[in-house]
Protein chains: 2
Amino acid sequence: MAVTADDVATVAGVSTATVSRAMRGLPRVSPKTREKILAIAEDLGYVASSSASGLATGRTRTVGVLAPYVNRWFFSAALDGVCQELHGRGYNLSLFNLGGGRSRNRDRAFNRTMVQKHIDALLVLCTPLTKEEIKHLHQVDMPLIVIGGPVIGCSSVAIDDYAVAEQATNHLISLGHKDIALLHGDDDSALKFAVPILRIKGFKDSMVRAEIPIRKQWDRFGDFTAVSGRRALVSLWEQPGPRPTAIFCASDEMAFGVIFEARRLGISVPGDLSVIGIDDHELSEAVGLTTIRQSPTDQAQIGTKMLLDELAGHRGAVRTVVASHELMVRDSTAPLQVSRPSHARARGPGA
Amino acid sequence: MAVTADDVATVAGVSTATVSRAMRGLPRVSPKTREKILAIAEDLGYVASSSASGLATGRTRTVGVLAPYVNRWFFSAALDGVCQELHGRGYNLSLFNLGGGRSRNRDRAFNRTMVQKHIDALLVLCTPLTKEEIKHLHQVDMPLIVIGGPVIGCSSVAIDDYAVAEQATNHLISLGHKDIALLHGDDDSALKFAVPILRIKGFKDSMVRAEIPIRKQWDRFGDFTAVSGRRALVSLWEQPGPRPTAIFCASDEMAFGVIFEARRLGISVPGDLSVIGIDDHELSEAVGLTTIRQSPTDQAQIGTKMLLDELAGHRGAVRTVVASHELMVRDSTAPLQVSRPSHARARGPGA
DNA sequence: GTGAAAGCGCTAACAT
DNA sequence: ATGTTAGCGCTTTCAC
């Protein structure tokens, strides 16, 4: 089990200092000795203890990732981006999951503790943070980047959520729609997470600019899941009065829910209802969902690279970057049918 | 930055040993002293260096997770399970992503190196491993568990993939289907991963037992993604000759692809084609997909618990467990229509 | 180019 | 109940 640098040194007939230098590719070791040491290390299965070198150098070669979820589209895609970048650079990844809805405060403090003295840099994935938490993060003096949403006082890599929502809404408007419902996400209202708010604002401003009235009765809350999308459509269709001809969904997963439920209710998409999402989820193409593409993987990769560059000594490497987005027009949106039949049921599911 | 146990000790007027005991809740510290030390530590923002304590104890309080992907359903769900269990137990999670398809061998060796001297236990997520890799894992003498698939010589937590495939197939057969296509996953053939193979075998044995001929021309390969499901259906429908009335998909994501593409092609599900999957993906209910449910989250949680129990001194805690599964009948499967119209196109997408 | 020695910050016997 | 002391395994001056 415990094969140490001493063991290698003894076998090689050199000192541990030389072993250390040889293993890390430092100069001041003759090619011959290095080769010999490397061979012996390989042979003995020697791997430097990260605890020991961490203690000696003050560096753990580990980047921490703070995430509220790990199994939702944005977060798992971003995690993949982090892994990709960390890879060849020889860094480890330490994952801190805040556990989304469940177990709020106590665990958060716990995590703050765990983070310290353990990692060289921290990447925060689109987490709603309290003011106090932000303060704590700054106290821990290490490179820090936020992915997927702006946080005051922190550098971040994210799309311009306001512009994205605006563009999505304009797409609907340009197709002639005026009766547009809004399905917004708001899964952490207490913490005032910026992303849902920005998307709502983008939608509303766009409507106002086009002089289209926003109907409050077509406003629905979702939690970024497909299930909440289904619920929203049902409640929209159950309510008396006129019905929207289009719906702006703040995320693709909610848009999926709307589309799947529409099929059940016999509502034709895009015949009766145009649906647009935001994200370009991996299933969106297969579903034929019109959406605005963003790449959490790319964003996370960029953020990780900045962190690593900063650690490598490039001061100022970590900075705020606005990531790109792109409208993907597919089959779920269509021009408004001027004279369309009333929203009668067409047929049962799958018929 | 560097507030050490010494600092706390000095302020508190005690020795570092007492600080260490107090911080870790060990006995042999008077309640008064403990309280005082805890207060000062809190005040100074003291957190023990994990490198230092790791070096001193030989334990890092970190569990490693080895995964081929982090952004696919099974893996991200499992990761969530690991996080949940690790949480309150004060353990950290170190993530090693093998990077799925890209960059095969070199990186794998790299990871093996990183793993050692860094973690106390290892959880392997459903990874196709070479014989040599398995050998290496055993050499690293630490608790080890595999989630989601059997690996020779290792304890594992997984469903009985053979039985699951059998049950799914039997469901189709019991509905009267005889013309059943097979869409199997096989994303890592070179490494002979057991799961796809077991699922294929379960399907075939079930067919043979029911004395139903297996038609080779209805066999399709997929890679567990929706896109591959779409492709499979297209090629199935393009080919001349009779068409299947049902399709067994080795994963829900591939089944999604089949269903979405069916809609495009005007094939009614389940009218013309019954579709069954395996997994019970988070979107399956919304899609109305009949499937066999498994919970990677639960499996990972069980596996992690065993690992932690073993580390806590319960020898024999790590062992092989067969996880449960359950048939979820929804809207994508139906009894065979004895006299059905030919597979004519019904209408365009979304119409 | 290589070695000796002094830590890094903690833990764990052993004293007291 | 508390302090003293000796490492844990590596890195890093500083000599040679």
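Naming: A, B, ... by sequence-line order, numbering from 1 per chain.
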S.K.: By nearest heavy atom, map B:Thr16 and A:Asp6 onto DNA chain D; which one lands nearer the 5' end?
M.R.: B:Thr16
S.K.: Is B:Ser30 near enough to D:dA1 that one of its side-chain N or O atoms lies under 4.0 angstrom from OP1 or OP2?
M.R.: no
S.K.: Answer with base, sugar-phosphate or nothing: what part of the nucleic acid does B:Ser51 contact at a heavy-atom distance below 4.0 Å?
M.R.: nothing
S.K.: Pick base, sugar-phosphate or nothing for A:Val14, based on heavy-atom distances below 4.0 Å to the nucleic acid.
M.R.: sugar-phosphate
S.K.: With hydrogens left out and only the distance checked, is there a donor-acceptor pair under 3.5 Å joining B:Arg28's side chain and the base of D:dT2?
M.R.: yes
S.K.: Side chain of B:Thr18 only, please: which of C:dT11, D:dT2, D:dG9 is the nearest?
M.R.: D:dT2
S.K.: Select base, sugar-phosphate, or nothing to describe what B:Ala17 touches, counting heavy atoms under 4.0 Å on all strands.
M.R.: base
S.K.: With a 4.0 Å cutoff (strictly under), does any side-chain N or O of A:Thr33 reach OP1 or OP2 of C:dT2?
M.R.: yes
S.K.: Looking at C:dC8, C:dC10, C:dA12, which one has an atom nearest to any side-chain atom of B:Arg24?
M.R.: C:dA12
S.K.: C:dG3, OP1 or OP2 - any side-chain N/O from A:Ser15 closer than 4.0 Å?
M.R.: yes
S.K.: Looking at D:dT2, D:dC10, D:dT11, which one has an atom nearest to any side-chain atom of B:Val29?
M.R.: D:dT2
S.K.: Check this one for me: any side-chain N or O of A:Arg21 less than 4.0 Å away from OP1 or OP2 of C:dT2?
M.R.: no
S.K.: Does A:Arg34 place a side-chain N or O at less than 4.0 Å from the phosphate oxygens OP1/OP2 of C:dT2?
M.R.: no
S.K.: When you check the phosphate oxygens OP1 and OP2 of D:dC10, does a side-chain N or O of A:Ser49 lie under 4.0 Å from one of them?
M.R.: no
S.K.: Using the six-membered ring of A:Tyr69, assess whether NZ or CZ of A:Arg72 lies under 6.0 Å from its centre and within 45 degrees of the ring axis.
M.R.: yes
